[in-house]
Amino acid sequence: MGKSRTKRFKRPQFSPTGDCQAEAAAANGTEPEEDDGPAAELLEKLQHPSAEVRECACAGLARLVQQRPALPGLARRDAVRRLGPLLLDPSLAVRETAAGALRNLSACGGFEVCGDMVTKDIMTPLVALLKECSTGLDSNEMSPQEKKDQNRNSIENIANEAVNVLWNICECSSRAVSIFNKEGCLEIVLKYLSRFSTNVDLAISVAYCLQTVTEDNPELLKSFSAPALHVLESAMLSPVNSMEYILLKTLVAGTIWNLKDIIPSKSQAEIINAILKILSEVLEMDAGETVLQMKEAETQRIKTAAETEDTLQNVNGDDLIEDDEMEGIPQRRKVRRKAFISDLLPPTDKELRETIALLTAQQTALEIIVNMCCSEDPTDDEWEELSSSDESDSFMENSLSECGGQLLSPLCLSHEVHTALTNYLIPKKIFEKTAFPNSTAVDVCSRNPSWKPLIRKMSTIQCRALVCLQSLVSLLDVDHLGGPAALQTLAQHLSQLLFSQPDFAKHVDFLEAISSALRALLQTVASKNIPQCMTPDQLLTLCRAGIHSSNVGVRVNVVSILGITGSVLAKEDGTLDTLKTIGCFLLEVATKDPSLVVAGEALDALFDVFADGKEAERASVQIKLLSALKEFQPVFKMKIRKEGRAKYSPDQLCVLDNVKMNLRRFVAYQETVEKKLTT
């Protein structure tokens, strides 16, 4: 399967104070406006001589861009070209808020807006800002020390915002990735990553960016020197085990997997083991229990803080003086494109931040495993046999650092990966993640607004685990999966998951994921002649619900499931009625589904079910399969001719052409079957 994009959470709004209140009210639509009134006013103030006014205008724009109807007006008024120069404003505060506004714009605008940002040359000031931040972090000229530390923190905050803008844009624009390559951005962001021990937030942002830009980017891979690779090693093997560092190490592991083409063959085994060890440790953690523990810790912390405050008030009475300087500090929490709630929280919500970091790490780990399973199989002359190694940390001394940028044969899914997956019990841990989220944890989160989005995050992990399970079942040997008995247990587990949800058809993501897993499992079971555990009636219930889904993937999966089931039943006695039911179902889908992809899959399934067997022959005649297919054949050809190029990819058209050819052959075969049974 392809990569899954993490869905966005709803963006929060800024809470500007002081002189920013007018801009914030306008951006929120609470003041009368005409046409692009708020946008025009805020953009005009970007040129104000006062740095404070410019900063507040940027904050207002950062809030405004989160409202989709405002985006066209901002585009008309050339907001990107006006914000771009402020990335290099003399005021560090303006730089940070300008980067925050561009971060939100790139996050909320998607592919089209990010492409427009590149066209309007946002990369020039952005790269210049990244370079200046890098130089600023190296500077030792500031004094006194307190001022130096304060300035350094500001620079790191600006760098974090800028890296997020860079990440968002590179994820949406290949042109931006090309600029990243040419401008030497790799060296800059790796310098930021090297600060992981003192600024994990900045390091995590860099790790996300690196995971994006290293994917399918051979030009960039040539730039990875031994020192650059050592930075990745150090981050991935950090001994710190807080949840933020677990997320960081998981992301860096994904980046190193993307660099597989430059790993020397003698080090590949150690690299695989190191990556899978980290992913295994991430998946080992019980997310539901973590949610409960961290929520309890938050409750106790808040209770203790409240008691302490009451004690201080009783001691000081009415003489307690508030620090005016601490009132109304504007919070400039920006939003990352992939909607991590932790970015939107005040620093005091540490328990929620840590919990989100763990959930994100688990989701990322599952996605990396899927990507590992989707690597192309090696050819005989490409793959060098590797020796198995359980010393996952041993490569630290000499593996990555010996690369020197040398490009070697691709590292593909191999016996070594199979073995490592099994050694670290990855299939077992993924199986555990396919269960529904801890009901107590879900209940706790549902009663707390700030924790409620975690319910969706936990459900996403379940869906990713099901997709991951599909990949493992399709690619691993039965023995690596635990043998036939384990596959039958897995089938029972998936059946229980599915039918324990009376309204499963309404949960599209879950239905697509579990139907994909079932499809792969049933195909493997059928190919190994292992007895099926799910009854035809159960599968028909799934298919009747799934075929009405708006998701094409779900419909393709349920049609394929019926094809697999029917082809097994066709070889058995006493299955006539079930085969007739399956045949009628598939025939209706083939002739009535609006998608040619689904119709083609249904025809393929019909070919499989009625290709052989006495029961299948009798069933095909009784449902009048031949006459129905003869009537549909010219209609199918016409649909491909009329809709093909406009709606479907070249690969899909190639498959449909094969189906069309097979349909002609199958009709000829059915003619002989009908002639044999009617004479």
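On a predicted model such as this, the values are computed, not experimentally measured, just so you know.
When all heavy atoms of Cys114 and Asn168 are compared, the closest pair comes out as SG-O, 3.9 Å. Considering every non-hydrogen atom in both Gln538 and Cys533, the closest pair reads OE1-O, 4.4 Å. Scanning all heavy atoms of the two residues, the minimum distance from Phe636 to Leu596 falls at CE1-CD2, 3.9 Å. Nearest heavy atom pair, residue Leu511 against residue Ala505, reads CD2-CA, 3.9 Å. Counting all heavy atoms, side chain and backbone alike, Asp608 lies closest to Gly563 at CB-O, 4.4 Å. Taking each heavy atom of Leu279 and Thr250 in turn, the nearest pair found is CD2-CG2, 4.0 Å.
Using a 4.5 Å cut-off on side-chain heavy atoms (C-beta onward), Ile179 and Thr124 make no contact. Inter-residue side-chain proximity for Asn658 and Met661 is flagged as met; some heavy-atom pair is nearer than 4.5 Å. Using a 4.5 Å heavy-atom cutoff, the side chains of Leu61 and Leu74 are in contact. Counting heavy atoms from C-beta on, the side chains of His480 and Leu472 never come closer than 4.5 Å. Looking at heavy atoms from C-beta onward, Phe666 lies in side-chain contact with Phe610 at the 4.5 angstrom threshold. No side-chain heavy atom of Phe504 sits less than 4.5 Å from a side-chain heavy atom of Leu497. Within the 4.5 Å cutoff, side-chain heavy atoms of Lys630 are placed close to those of Glu671. Counting heavy atoms from C-beta outward, Leu626 and Ser620 have side chains that stay 4.5 Å or more apart.
Between the side chain of Asn551 and the backbone N or O of Val554, at least one donor-acceptor pair lies under 3.5 Å. A distance-only check finds no donor-acceptor pair linking the side chain of Asn104 to the backbone of Val65 [under 3.5 Å]. In terms of modelled atom types and a separation under 3.5 Å, the side chain of Ser495 and the main chain of Ala491 share no donor-acceptor contact. Within the 3.5 Å criterion, the main-chain N or O of Glu112 finds no donor-acceptor partner in the side chain of Asp116. Panel note: side chain Ser178, backbone Ser174; no donor-acceptor pair is recorded below 3.5 Å. Without hydrogens or angle criteria, Arg519 side chain to Val559 main chain gives no donor-acceptor distance under 3.5 Å. At least one donor-acceptor pair closer than 3.5 Å links the side chain of Thr575 to the backbone N or O of Leu569. Side chain of Ser173 to main chain of Ile169: no donor-acceptor pair is present (N/O by atom type, distance under 3.5 Å, no hydrogens or angles). A donor-acceptor distance shorter than 3.5 angstrom exists from the side chain of Thr360 to the backbone of Ile356, with no hydrogens or angles considered. Between the side chain of Ser549 and the backbone N or O of Ala545 there is no donor-acceptor pair closer than 3.5 Å.
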| task | Apply side chain to side chain contact (heavy atoms under 4.5 Å, CB included) to the pair Arg544 and Phe585, showing each step before the final yes or no. | result | CA-CA 8 Å; Arg544 286 180 178 130; Phe585 182 94; 3.9 Å; yes

| field | Check against side chain to side chain contact (heavy atoms under 4.5 Å, CB included), Ile368 and Thr364 | value | CA-CA 6 Å; Ile368 292 170; Thr364 303; 4.0 Å; yes

| request: Would you please test Leu562 and Leu540 for side chain to side chain contact (heavy atoms under 4.5 Å, CB included) and show each step? | output: CA-CA 7 Å; Leu562 272 193; Leu540 280 166; 3.8 Å; yes

| Between Gln492 and Gln496, is a side-chain hydrogen bond (donor to acceptor under 3.5 Å, both in side chains) present by the stated rule, with each step listed? | CA-CA 6 Å; Gln492 292 172 347; Gln496 290 170 356; 5.8 Å; no

| query | How far apart are the C-alpha atoms of Val467 and Ser516, what are their side-chain angles, what is the distance that settles it, and do they pass the side chain to side chain contact (heavy atoms under 4.5 Å, CB included) test? | reply | CA-CA 7 Å; Val467 173; Ser516 296; 5.6 Å; no

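With Val213 as reference, Phe180 is the one residue of Phe180, Trp167, Tyr208 to meet the side-chain contact (heavy atoms from CB on, under 4.5 Å) rule. For the side-chain contact (heavy atoms from CB on, under 4.5 Å) criterion with Leu603, the lone passing option out of Leu586, Leu656, Asn662, Leu629 is Leu629.
The line from CG of Leu126 to CD of Glu183 is 10.5 Å long, rounded to the nearest 0.5 Å. Separating the CD1 atom in Ile369 from the CG atom in Leu421 is a distance of 6.5 Å, to the nearest 0.5 Å. Interatomic distance, OG1 of Thr541 versus CZ of Phe499, reported as 5.5 Å (0.5 Å rounding). We find the CD-CD1 distance between Gln462 and Ile514 to be 7.5 Å, quoted to the nearest 0.5 Å. One finds the CG atom of Leu494 at 5.0 Å from the CG atom of Leu518 (value rounded to the nearest 0.5 Å). The line from CG of Leu677 to CD of Gln622 is 9.5 Å long, rounded to the nearest 0.5 Å.
Sparse packing is recorded around CG of Asp612, with 12 or fewer heavy atoms of other residues, nucleotides or ligands lying under 6.0 Å away.
A salt bridge links Glu615 and Arg618; the closest N-O separation between the charged side-chain nitrogens and carboxylate oxygens is under 4.0 Å. Between Glu588 and Lys592, at least one side-chain N (NZ, or NE/NH1/NH2) sits under 4.0 Å from a carboxylate O, which counts as a salt bridge. Between Glu601 and Arg555, no side-chain nitrogen of the basic residue sits less than 4.0 Å from a carboxylate oxygen of the acidic one, so the salt-bridge criterion is not met.
Here Tyr648 pairs with nothing under the ring pair (Phe, Tyr, Trp, His ring centres under 6.0 Å) rule; sequence neighbours left out.
Glu674 and Gln670 form no side-chain donor-acceptor contact under 3.5 Å, judged by distance and modelled atom types alone.
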Could you tabulate the donor-acceptor pairs under 3.5 Å formed by side-chain atoms of residues 520-532, not counting sequence neighbours?
| unit_1 | atom_1 | unit_2 | atom_2 | d |
| --- | --- | --- | --- | --- |
| Thr524 | OG1 | Val473 | O | 3.2 |
| Thr524 | OG1 | Ala520 | O | 3.1 |
| Ser527 | OG | Gln523 | O | 3.3 |
| Ser527 | OG | Thr524 | O | 2.8 |

